[in-house]
Amino acid sequence: MGFLYINFVVVLWVTAITTLLLGAFVLIRNYQHIVNKTFAFYSFSISWWSFCEIWGIACDKKSTALTWTRIEQIGVFFIPTFCIHFVISLLNIKNKKWLLQIAYFFSTIFAILSFTPLMMADSVKTVPYVKYFGTPGLAYHFAILFFIILCGYVLIKLYSAYKSSSGARRNQLKYLFWSSLFGYFGGGANFLLVYGISLPFINPFGTYALPIYIAVMAYAILKHHLMDIEAALTRAFILTAVYVCVIGATLIVASALQVPLQNVVNNLSMFITLSIFVILSLSAPYTYLYFQQRYDEKRLTAQREQFSALKQITQGSLEIEDLSHLLKVIPHFLMQMYQAKLKTKISQTAVYFYDATTKLYIMVAHRGSQKPSKAYLTTDDALIFWFTKKVPYLVQKGYYKEKELQALRNEDIDFLLSQSSLLSHEQGLKNLLESIRLELAQLKAHICVPCFYQKECTGILILGEKTKGSYNQEEIDALSTVSNHIAMSIRSAQLRQDLTASYLEAITSIAKSLEARDPYTKGHSERVALYSLAIAAELQGKPPYNQIVDFQVKIQQAALLHDVGKIGIRDDILLKPGGLNPEEVEVIRQHPQIGEHILSGLKGISRDVLLGIRYHHEKYDGSGTTEIKGEQIPPIARILAVADTYDAMTTDRPYRKGLSDREALKEIIKNTYYQGPQWDPKVVEAMLEAFKKGIFKQGVSITQEEIEQIKREIEVRP
């Protein structure tokens, strides 16, 4: 008997204190918001019932027990009404004002009747382990039916919203639904006691479902933007748990000592109980501080790991000079950070970058199992309009602080749609938010973070659903910081590219002027670039060329600049009409190294391009100007060598006539497959494939039969 009674009292104390603190914290967090207010009063009504139930079952007098039981019913019959108001507000259910009016009307009527025998007729021993317990009056049956109907409606709405939602919202509603179902089943078992029905184990242990229900609901609410009070609530729960243990231990000792000591000294058991209570109460603050410190340390460690990972992303982005490469690696960094550092995965990440030419936000990089269905966003799209126009306006009007709108989640849209006063003042805001919700679904996005540089939105970071939990405020702060650093990195990379482009334009102009002085070499670099791109198209995706980022761009850049080193060659050598002597040949051979030296000062020129320029005269068999050969020659240099040789062979010179396309091919094939090889056979094969497709040189094509004929001629007359 005593064991069941103690469990009943302990669970009621836990429920009373937990719901009281939870409701108070949520209300203090934002006392003006309807979701917070209704949840707070919902919690207070449960706390009211729990406290009154404690005093009711502890009374030795029948009249006092009946009074507390009647007071208790006031809280009982407002529980479903506040709950349904909370759920309607949370889910933003429209046109339910009539339902709330009916619910509040009947709750008020039943609360008034609670002071009459119509609700609680008497208080007798209907429960074996409780001295007095209420017995129902006529109105009590209707009140119970009212309670069941409203609770059923709440569960149906929660389940329906849960099934139709997705992502973090779906997780929240899942916790709310199942915890509500569990809590109402366990707590509702107490109604049976009123009718004298006590089910084994369910009474009183089913009541433990109530604090579990409240704890799970608190966890779910923590995921909602307006109730993000994790630290405060955790400390509150620690405090509650400590003092519940104090009270529980005291009650257990009191129950254990009451019988053996009552024949010795009547007041000794009370004295010992109070002494134990005082000792435990004095130790409770130290116990609380110990667990709070452990929690704070764990929280701080998690924050450090998160910010450390995000700092790595920031530092990595600042070190990347190639803008296109920077944009492409950001999703990889984010996915890696969440998996390695935060021990969770996200379904996808994507980067949309503003292109000034097209005036579109184009998806330049993506990673993950899901992919946005929109390849680009216009400046008029709802999401872009929100970040660039609406957020600054709302901040300027004082509706929100800028920090509160630094990112956008599905939860934020739900929150904004629940702000009736804001929607009434801002015409069109509701339609805008609904359009944004649709765009987020198309983007497979659970959070969007803008990248701003001096009030200019340079890009958008898209992150999908997390496998564990949702994006909390700390992550939003960190991601916002990273996005700002990325925006600065993007801007720096753009400035570097613009500066490099200016230098390249100047250098290319000089190189063209140099070619223009010699009618025999005019247009040489442009032709080499076209030939090189045709070969590169055949080698695209094959090793080692598939390892070169922006392969086509780099091959074109290297081809256009491969002879820029001739700027450093004297005119009397460069423009000499006849053959060159050995000393002059040695000077000419220096132009690749001179070109690399000129361009190496430009940060925008990649190492692949510089190496291609430096080694474009090397021979595959090692007979070139340096000791490298074969696969040691950089990939771009091998392509340039073939394209440059072909153009040199087919171009007239003062001292010789240019070869025909067939004769040039014959020389290249002979010195690749039958002698040397001077050039990479794979590159030559790619050139022949381009010739067969007619894309190597405009107006010129060659068949496989002709290639075979050339090879037979070489074999007969090498």
Side-chain angles (χ1 to χ4, degrees), residues 514-539 555 558-560 562-563 566 573-581 584-585 588-589 591-592 616-621 623-625 633 637-718:
L514 185 66
E515 288 183 359
R517 289 183 296 165
D518 183 1
Y520 292 98
T521 59
K522 185 177 181 179
H524 169 68
S525 296
E526 285 83 353
R527 291 193 299 273
V528 172
L530 291 174
Y531 300 153
S532 298
L533 286 171
I535 295 172
E538 297 300 317
L539 295 171
I555 194 69
L560 290 173
H562 77 285
D563 275 346
K566 290 182 178 179
I573 297 176
L574 189 64
L575 304 178
K576 187 176 180 178
L580 302 176
N581 60 44
E584 291 170 337
V585 170
I588 284 289
R589 284 180 173 178
H591 81 269
H616 75 275
H617 276 305
E618 298 308 314
K619 304 300 183 184
Y620 199 74
D621 59 3
S623 61
T625 59
I633 302 173
R638 293 181 231 165
I639 296 175
L640 291 180
V642 175
D644 186 38
T645 299
Y646 176 83
D647 188 70
M649 286 181 176
T650 55
T651 304
D652 293 338
R653 288 290 188 267
Y655 48 87
R656 65 162 174 80
K657 191 75 174 173
L659 300 177
S660 67
D661 296 307
R662 192 178 189 281
E663 289 172 332
L665 278 176
K666 187 175 181 179
E667 284 297 315
I668 291 174
I669 291 172
K670 182 177 72 173
N671 288 283
T672 300
Y673 300 108
Y674 299 93
Q675 295 178 13
Q678 291 188 27
W679 301 282
D680 183 352
K682 294 178 183 177
V683 175
V684 174
E685 188 66 34
M687 181 188 73
L688 294 176
E689 288 297 321
F691 253 116
K692 287 189 288 186
K693 294 177 181 178
I695 62 173
F696 185 80
K697 187 176 182 179
Q698 188 175 5
V700 179
S701 63
I702 189 169
T703 64
Q704 182 63 36
E705 290 75 12
E706 290 176 296
I707 293 173
E708 294 299 329
Q709 178 61 34
I710 291 173
K711 289 181 178 180
R712 284 194 292 271
E713 292 176 5
I714 296 171
E715 291 171 356
V716 173
R717 196 162 42 118

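Being a predicted model, the structure only gives us computed values, none of them experimental.
Heavy-atom contacts from other residues, nucleotides or ligands closer than 6.0 Å to NZ of Lys697 number more than 12.
Taking each heavy atom of Tyr531 and Ala643 in turn, the nearest pair found is CB-CB, 3.7 Å. Closest non-hydrogen pair, Ser532 versus Leu640, comes out as OG-CD2, 3.6 Å. Heavy atoms only, all atoms of each residue included: Leu539 and Lys682 are closest at CD2-O, 4.0 Å. Closest heavy-atom contact between Asp647 and Thr651: O-OG1, 2.5 Å. Ala641 and Glu618 make their closest contact through CB-O, 4.5 Å (heavy atoms, listed as atom of the first residue, atom of the second, distance).
By the side-chain hydrogen bond (donor to acceptor under 3.5 Å, both in side chains) test, Asp680 is found to be paired with Arg638, residues two or more places apart in sequence or in another chain being considered.
Leu665 has its side chain within reach of Leu688: a pair of non-hydrogen atoms, C-beta onward, lies under 4.5 Å apart. Ile702 places none of its side-chain heavy atoms less than 4.5 Å from the side chain of Asp661. Contact check for Tyr674 versus Glu715: side-chain heavy atoms found under the 4.5 Å cut-off. Gln678 has its side chain out of reach of Thr645: every pair of non-hydrogen atoms, C-beta onward, lies at least 4.5 Å apart. Using a 4.5 Å cut-off on side-chain heavy atoms (C-beta onward), Asp644 and His617 make contact. A heavy-atom distance below 4.5 Å is found between the side chains of Ile668 and Met687.
Of the N and O atoms on the side chains of Tyr673 and Glu685, at least one donor lies less than 3.5 Å from an acceptor on the other residue. Checking Glu708 against Gln704 by side-chain atom types alone, a donor-acceptor pair falls below 3.5 Å.
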(message) Could you walk me through whether Lys692 and Glu689 satisfy the salt bridge (Lys or Arg N to Asp or Glu O under 4.0 Å) test, starting with their C-alpha distance in whole Å, then the side-chain angles of each, then the deciding distance to 0.1 Å, before giving a yes or no?
(response) CA-CA 5 Å; Lys692 287 189 288 186; Glu689 288 297 321; 2.8 Å; yes
(message) With side-chain contact (heavy atoms from CB on, under 4.5 Å) as the criterion, how do Arg527 and Thr650 come out once you've worked through the C-alpha distance, each side chain's angles and the decisive distance to 0.1 Å?
(response) CA-CA 11 Å; Arg527 291 193 299 273; Thr650 55; over 6 Å; no
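Atom-to-atom distance recorded for Ile639:CD1 and Trp679:CH2 is 15.5 Å, nearest 0.5 angstrom. With values rounded to the nearest 0.5 angstrom, Gln675 atom CD is found 9.0 Å from Ile714 atom CD1. Distance check: Ser701 OG to Glu706 CD gives 7.5 Å after rounding to the nearest 0.5 Å. For the atom pair CD of Glu663 and CE of Met649, the computed distance is 11.0 Å after rounding to the nearest 0.5 Å. One distance of note links CD1 of Ile695 with CD1 of Ile535; it measures 10.0 Å at 0.5 Å rounding. The distance from atom NE2 of His524 to atom CG of Asp563, rounded to the nearest 0.5 Å, is 4.5 Å.
Between Tyr646 and Phe691, the ring planes lie perpendicular to each other; the angle is over 60°, past the 30° to 60° tilted range.
The residues Lys670 and Glu667 are annotated as salt-bridged, a charged nitrogen and a carboxylate oxygen being separated by less than 4.0 angstrom.
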